[in-house]
Chemist: 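Structure provided below as structure tokens; questions to follow.
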Amino acid sequence: MEHGSFRNDTHASFTLAEEDHTLGNALRYVLCQDPRVTTATYNIQHPSLERVSIQVQTTGDPAREVFRDGCQELMLMNRHVRTVFDKAVAKFKVEEAARTKNAEEELKKQRDLFESMDIESN
Amino acid sequence: MSTKNKEEKRIVTEAEKIEAKNFNIHDLPDVPTGLPPHLELQRTRVICNELAPIHTGGIFYSGAYKSMGVDNSVNLEKFNEDFKVDVISLDETDIVFDMIGINAPMANAFRRILLAELPSMAIEKVFVANNTSLVQDEVLAQRLGLIPIAADPRLFEYLSENDQPNEKNTIVFKLHVKCPRGEPRLKVKTNELIWLPNGSEIVKESGGSDSKPKTYTSFSRSQDSFPEFANNPITPSLQDILIAKLGPGQEIELEAHAVKGIGKTHAKWSPVATAWYRMLPEVVLLKEFEDEEAVELVNVCPAKVFDIEDMGEGRKRAKVARPRDCTLCRECLREGKPELEAKAKAKAEAKAKAKERGEEKKAKPTEEKKEWVPQVELRRLRSHFIFTIESTGSQPPDVLFTEAVKILEDKCESVIAAHSEVDWS
């Protein structure tokens, strides 16, 4: 839901239902970073109502476009986070497998050495 | 020699005029670019003083440093370039990983989603046939609800009020334990919860005679036939959680139905034991700690952040060895300088003398305290988060984080969709 003015579309307030600080703060952060934005704030009018109100003021571009671009950018940032995380986990699992394999081989070598020493002492 | 007294007149050429027009002070080799160090510190670090941290709020506004000619905006390309993830440890239930280049609002969003908005399966309805134990029905039901169930919620659907419980949205467990007379007290643990893949066995009382008795669930096929559960029965995540204790002659007979839900509704549906993050600590020595002071500093820190390094000729110096282990206990900040002890002594003596002279001074508590001089600075890096996720067993922790990020993505998508539905023309 957007509250704005028909004459001046650089200022607008957007209400998101069934949302809270999770999305509100993240969106506000992304909007602040946009060079077209003069001010971006979010607030929750009452904690019992699950509603976030985001205010955007821009330097000339229509506020709803800037808001939409902000949502888009947050979405793409999340996608990137997911890709990088998956790669990091895969890499870690490969390294972990290599490490355990090396450790096992080391242990086996030591055991063989120990056994051969026993034979010698006998 | 003669030019010293005369003023040399030159004609400014066109080339020089163009050069003057295109001149940018930042092109000169020794003009510093970027922010001055104190502002950079304020922008990138939280400084943890003895009493409270400062600069805790992030400066995100893109034009914050416009007057200095520095652009504070972060666009998608820059974020993609700078963002890194390092997994420190990973096993079936826990993961510890570093996220570098991300910001607090997003990291907190992930944490909030992990705790409250990721679905999992938990017991919601309990049909008690017989309960002669000392644990009341409702208390028993509440305890059963909190038991973590090792079933992937992505394989199930939500059960709403109008739906019939069927094999796609319900898991049915049975618990029937009796403590025989003459035997010692019995502990009822979660290994007694038996999975019923064919659905509920409690028959509903119906007026007429039906060919097939109606139960509280309507399974059209056995959950055993699903490939995921074929040789993999659904059980609680841990088999030795104590549910109740039975004395001789007491019995519990009940059926428990587990459904899908999210942590926002009730904490039993939270798929993580907990999830938290901390920012990377940075410990900076503001002065050279030598010899005794160095040893004192190393001994004072309970997390063993500092180390002694030998400088030769028996001289020692303290250095920061493991800043990552710093727990911000601030023990290193509480030590006063040795010279200050002498100062404090002198002050106390002066006070005593004043008292002798009969001057009465109001006892100010701050005067008694040693003067605190910062010798060590504890900081946190604002864009480096050490995330820890402990899963309860329904899904591995790396899957949980991926799902959490997906949920945030879906939220953004739904906002965009709702936005573009309305015709603004």
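Naming: A, B, ... by sequence-line order, numbering from 1 per chain.
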Chemist: Rounded to the nearest 0.5 Å, what separates atom CG in A/Leu76 from atom CZ in B/Phe79?
Modeler: 10.5 Å
Chemist: Looking only at non-hydrogen atoms, find the nearest pair between B/Ile416 and A/Met75 and report the distance.
Modeler: CD1-SD, 4.5 Å
Chemist: Are any side-chain N or O atoms of A/Gln33 and backbone N or O atoms of B/Val74, one a donor and one an acceptor, separated by less than 3.5 Å?
Modeler: yes
Chemist: About how many Å separate CD1 of B/Ile113 and CG of A/Leu23, when rounded to the nearest 0.5 Å?
Modeler: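 Nearest 0.5 Å value for the CG-CD1 distance: 8.0 Å.
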Chemist: Taking 4.0 angstrom as the limit, do B/Lys264 and A/Glu50 come out as a salt bridge?
Modeler: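 Looking at A/Glu50 together with B/Lys264, the answer is yes, because their closest N to O distance falls below 4.0 Å.
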Chemist: Flag the one option from A/Val84, A/Val81, A/Thr38 with the top tally of heavy-atom pairs under 4.5 Å to chain B.
Modeler: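 Counting heavy-atom pairs under 4.5 Å, the top option is A/Val81.
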Chemist: Examine A/Phe92 together with B/Phe97 and report whether their ring centres are nearer than 6.0 Å.
Modeler: no
Chemist: Examine whether an atom of B/Ile88 lies under 4.5 Å from a heavy atom of chain A, and if so say whether it belongs to the side chain, the backbone or both; otherwise answer neither.
Modeler: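 Contact with chain A involves the backbone of B/Ile88 alone.
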Chemist: According to the interplanar angle, ranging from 0 to 90°, do the rings of B/His419 and A/Phe67 count as parallel (below 30°), tilted (30 to 60°) or perpendicular (above 60°)?
Modeler: tilted
Chemist: A/Leu74 and side chain to side chain contact (heavy atoms under 4.5 Å, CB included): which partner among B/Glu409, B/Glu413, B/Met106?
Modeler: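 Single pass found, and it is B/Met106.
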Chemist: Between A/Arg28 and B/Phe60, is any pair of side-chain heavy atoms under 4.5 Å apart?
Modeler: yes
Chemist: Which residue out of A/Ala40, A/Ala26, A/Ala88 racks up the most heavy-atom pairs below 4.5 Å with chain B?
Modeler: A/Ala88
Chemist: Under a 4.5 Å heavy-atom cut-off, does chain A meet the side chain of B/Asp398, its backbone, both or neither?
Modeler: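 Contact with chain A is through both the backbone and side chain of B/Asp398.
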